[in-house]
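Both counts, for ligands and for their atoms, begin at 1 and track the order of listing. For clarity, every value in this text was computed on a predicted model and none was experimentally measured.
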Amino acid sequence: MKTAELFEHKTVFSLEVFPPKPDADESVIYKTLEELSDIQPDFISVTYGAGGGKNGCKTIQIASDIQNRYGVESVAHLPCIGLSKAQAKNILDSMQENGIENILALRGDKSDNTELCGDFRHASDLIAFIRDNYDLNILAACYPEIHPESRSAVDDLKWLKYKVDCGADHLISQLFLDNGYFYDFYEKARIAGVNVPIEAGIMPVTNKRQIERMVKLCGVELPKKFVRVLEKYEHNERALRDAGIAYAIDQITDLIAEGVDGIHLYTMNNPYVAHRIFDAVQNLISVSVKA
Ligand code: FAD
């Protein structure tokens, strides 16, 4: 099923996982998926390392297994930076042969190796390439606190609208810790003519290292309320985990009450945390079924 169709009837609840590292025990991800599939999410998306490395095969395999073994819709991420059109075609052909209908088309983060080669400069190039050559549902990323490379919010929105004009059917947002950024972004996106469903990306922050990495990579602001929690519990692993879960539940409750199109939970491959959050919000989601 194409994910864009899910939003016609309900508030969507989806999950994200990443494939195991090349030398890791593969059975762990399958145990994780088994536990996550109990949640019966609307779909599970699988990340893909930028640069077209070999681990991409795992993304395809896992996305295919999510559908075939666990009966859950899947989305395969695909960052295009450093890929030639021929390489992108090979990957997309393989995704299609494996029954994957939904692709999250991304640029990927720049590095010295990837920046100068490849046929795609932006996600919009890949989106147009998929739209011209395949019958696939296309997802794309968006940034409530604007992408760190963008000159301004206006510029960022202009390119987001362009991604939708090139063929993106559904958007998933970068994580944010202050819902105000999402509401502001959502309103401006609608005014700018971005008329596809926009899911809110929520990451339950459960350890300090993760937060530091996230702030550096994504340029996400840490609200005062969040910093207070972090400072109080940073030396108590369990307390910080529970505080991170409570914070995410609070964000989701508010988002659903505001009528968000969907929630995309960055699970960090942690089914315990995902279950605790889902258990707390599942009744809110079921009362949000659209007429
Ligand atoms: P783009 O849409 O190309 O945007 C990048 C920058 O260029 C922005 O500043 C934008 O405003 C500008 N821009 C966009 N289009 C144009 C244009 N046509 N001309 C000029 N400027 C333009 N990375 C991975 O490597 N693997 C993953 O699996 C992965 N999954 C992700 C999932 C989600 C939900 C999100 C939010 C991010 C994910 N990322 C992943 C990270 C993502 O690759 C980075 O954020 C990357 O820096 C930008 O990707 P993009 O697709 O948004 O790029």
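- Of the residues Tyr143, Tyr181, Phe226, Phe182, the one that meets the ring pair (Phe, Tyr, Trp, His ring centres under 6.0 Å) test with Phe176 is Phe182.
- In summary, the atoms of ligand 1 found under 4.0 Å from a heavy atom of Tyr266, numbered by their order in the structure, are 33 (C), 34 (C).
- Distances from ligand 1 to the non-hydrogen atoms of Tyr143 include at least one value under 4.0 Å.
- Remark: among candidates Arg151, His264, Lys158, His122, the nearest residue to atom 22 (C) of ligand 1 is His122, based on non-hydrogen atoms.
- Annotation: the span from Leu104 atom CG to Thr47 atom OG1 amounts to 10.0 Å, rounded to 0.5 Å.
- Remark: ligand 1 and Asp155 share no N or O pair separated by less than 3.5 Å (distance only, no angle test).
- Against a heavy-atom cut-off of under 4.0 Å, Ala141 is close to the following atoms of ligand 1: 35 (C), 36 (C), 52 (O).
- Residue contacts with ligand 1 for Leu160 are absent, since no atom lies close enough (heavy atoms, distance under 4.0 Å).
- In the vicinity of Thr47, heavy-atom distances shorter than 4.0 Å reach the ligand 1 atoms 28 (O).
- Scanning Phe18, Trp159, Phe120, Tyr162 for the heavy atom closest to atom 19 (N) of ligand 1 points to Trp159.
- Inclusion of His77 in the set of residues having an N or O under 3.5 Å from an N or O of ligand 1 is warranted.
- Taking a cut-off of under 4.0 Å to the non-hydrogen atoms of Asp156, the atoms of ligand 1 that pass are 8 (C), 9 (O), 10 (C), 11 (O).
- Ring pair Trp159/His122 is parallel by interplanar angle, where below 30° counts as parallel and above 60° as perpendicular.
- The proximity of Ser124 to ligand 1, defined as any non-hydrogen pair under 4.0 Å, is limited to the side chain.
- Ile211 and Leu217 are members of different hydrophobic clusters when ILVMFWY side chains are connected at heavy-atom separations under 4.5 Å.
- The side chain of Lys163, and not its backbone, has at least one atom closer than 4.0 Å to an atom of ligand 1 (non-hydrogen atoms only; side chain from C-beta on).
- When only non-hydrogen protein atoms are considered, atom 29 (C) of ligand 1 lies nearest to Leu106 CD1, 3.4 Å.
- Protein heavy atom at the shortest distance from atom 44 (C) of ligand 1 is Asp109 OD1, 3.3 Å.
- For ligand 1, one of its N or O atoms has an N or O atom of Gly108 under 3.5 Å away.
- In summary, Asp242 and Lys232 do not engage in a salt bridge, as defined by a charged side-chain N under 4.0 Å from a carboxylate O.
- Residue Ala123 has at least one nitrogen or oxygen atom sitting less than 3.5 Å from a nitrogen or oxygen atom of ligand 1, judged on distance alone.
- The pair Glu237-Arg241 fails the salt-bridge criterion, with no side-chain N (NZ, NE, NH1 or NH2) lying under 4.0 Å from an Asp/Glu carboxylate O.
- In this structure, Lys89 does not pair ionically with Asp119, as no charged nitrogen and carboxylate oxygen lie closer than 4.0 Å.
- A salt bridge links Glu26 with Lys58: the distance from a Lys NZ or Arg NE/NH1/NH2 to an Asp or Glu carboxylate oxygen falls below 4.0 Å.
- Between atom OG of residue Ser94 and atom CD of residue Glu97 there is a gap of 6.0 Å, rounded to the nearest 0.5 Å.
- A centroid separation of 6.0 Å or more is found between the aromatic rings of His77 and Phe18.
- Near Gln174, meaning under 4.0 Å from one of its heavy atoms, ligand 1 places the atoms 36 (C).
- Ion pairing of Asp155 with Lys158 is present here, as a side-chain N (NZ or NE/NH1/NH2) and a carboxylate O approach within less than 4.0 Å.
- Against a heavy-atom cut-off of under 4.0 Å, Leu104 is close to the following atoms of ligand 1: 32 (C).
- In Arg107, the parts holding a heavy atom less than 4.0 Å from any atom of ligand 1 are both the side chain and the backbone.
- In Ser150, the parts holding a heavy atom less than 4.0 Å from any atom of ligand 1 are both the side chain and the backbone.
- Heavy-atom proximity to Tyr48, at under 4.0 Å, picks out these atoms of ligand 1: 24 (C), 25 (O), 26 (N), 27 (C), 28 (O).
- Not one N or O of Glu149 is nearer than 3.5 Å to an N or O of ligand 1, by distance alone.
- Judged by a 6.0 Å distance limit and a 45° cone about the ring axis, Arg107 is not positioned over the six-membered ring of Phe120.
- Ion pairing between a basic and an acidic side chain is recognised when a charged N comes within 4.0 Å of a carboxylate O; Lys224 and Asp178 show no such pairing.
- If you look at His147 next to ligand 1, the close heavy atoms, those under 4.0 Å, all belong to the side chain.
- Salt bridge status for Arg131 with Asp165: absent, with no side-chain N to carboxylate O gap under 4.0 Å.
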